[in-house]
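As structure tokens, the structure follows; a few thoughts come after it.
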Amino acid sequence: MKNLTLKQLRYFEALARDGRFRRAADACAISQPALSMQIKELEQELGSELFERSAREVKLTPFGQTFALRVRDILRAVDELGEFARASRDSFLTRLRIGIIPTIAPYLLPAIINDLNKSFAGIQIEVRETQTGKLVQELAQGQLDMAIVALPVSEPSLTELELFKEEFVLVRQHEDGDKPVPEREALREMRLLLLEEGHCFRDQALSFCKVGPARPREIMEGSSLSTLVQMVGAGIGVTLIPEMAVPVETRSAHVSISRFPSPQPSRTIGMVWRNSTPMAKQLQEVAEAVRRSAETMRGQYAGG
């Protein structure tokens, strides 16, 4: 297999990820016929088909699935070679691929980007917002340099660094603002609004309220914290949100915010990156910049 090229492997990885020639071609910035030709040449070189083709999508063959695992390892190693070269050449970052979960991104990301641009002149920042499971997967595949998530992630291949802790607050209708804050057991008797499954914040809220499997009428779901807060304002139920979300999500909602008595529900926010990355020293500096951003933002909220 002397004619196998890294370009072909990257085209293969894009098609395996996207499942459609057009999307994969757009991601690789080439034409669809050119991508199709490269994949065909790769299959001929390997002597085995990688994809099952249909009119609408392509699926990996059993051989293609095994091949995809090896390709990801190869591409990750190549990317890390590039990172190693950049890390040894530059004392500062020139590019940073950040992953961040949806319950942090809208509130902390603007301050992070602003502070990183100040701390690392000329840095190119790329952001990926999605749930923790996908971020961990993309970190492992070398598609991200680091991610900002709720800890712990408990993935042996990743380094975890705690940044700060933040409390959860109770969101109720505005008219209920003067009422005593309910005990966590009492929340189980209310209509509790939560994020969809897959969000770690949902699991944290359920854990605090000691809620097990619930009937649909007891729990309603939303796709974002903004949706949940607006539902509360409409009188549908109550919800929990992280403290950093309060200034943004309550600006246009007729709701009240209450703090729980001690011990208050909270989460730990941190950064994770691959143990094998040669950028560890620079990522430590990024972590300090993120921590400063969070401290500034939380100080402004406390002052308000």
Could you tell me whether the side chain of [X] and the main chain of [Y] form a donor-acceptor pair under 3.5 Å?
{"X": "Thr250", "Y": "Ala253", "value": "no"}
{"X": "Arg72", "Y": "Ala140", "value": "no"}
{"X": "Thr61", "Y": "Glu49", "value": "yes"}
{"X": "Gln8", "Y": "Thr5", "value": "yes"}

- Query: Is it true that the side chains of Thr159 and Arg274 contain a donor and an acceptor less than 3.5 Å apart?
  - Reply: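 No, no side-chain donor-acceptor pair sits under 3.5 Å.
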
- Taking atom types as modelled and ignoring hydrogens, do the side chains of Thr103 and Arg267 form a donor-acceptor contact shorter than 3.5 angstrom?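 A pair is found: one side chain offers a donor N or O, the other an acceptor, under 3.5 Å apart.
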
Taking [X] first and then [Y], would you say they form a salt bridge - that is, a charged N and a carboxylate O separated by under 4.0 Å?
{"X": "Asp73", "Y": "Arg70", "value": "no"}
{"X": "Glu138", "Y": "Arg128", "value": "yes"}
{"X": "Arg10", "Y": "Glu13", "value": "no"}
{"X": "Glu43", "Y": "Arg53", "value": "yes"}

- Plane angle bin for Phe51 and Phe12 - parallel if under 30°, tilted between 30 and 60°, otherwise perpendicular: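 The arrangement is tilted - the two ring planes meet at 30° to 60°.
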
- Trace of the side chain to side chain contact (heavy atoms under 4.5 Å, CB included) decision for Ile101 with Thr130: CA-CA 5 Å; Ile101 57 176; Thr130 190; over 6 Å; no

- Task: For the residue pair Glu160 and Pro152, establish whether any side-chain heavy-atom pair is separated by less than 4.5 Å.
- Result: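 Yes. Closest side-chain heavy atoms under 4.5 Å.
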
- Close side-chain approach of Leu4 to Leu42, heavy-atom, < 4.5 Å: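 A side-chain contact exists here, since the closest heavy-atom pair is under 4.5 Å.
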
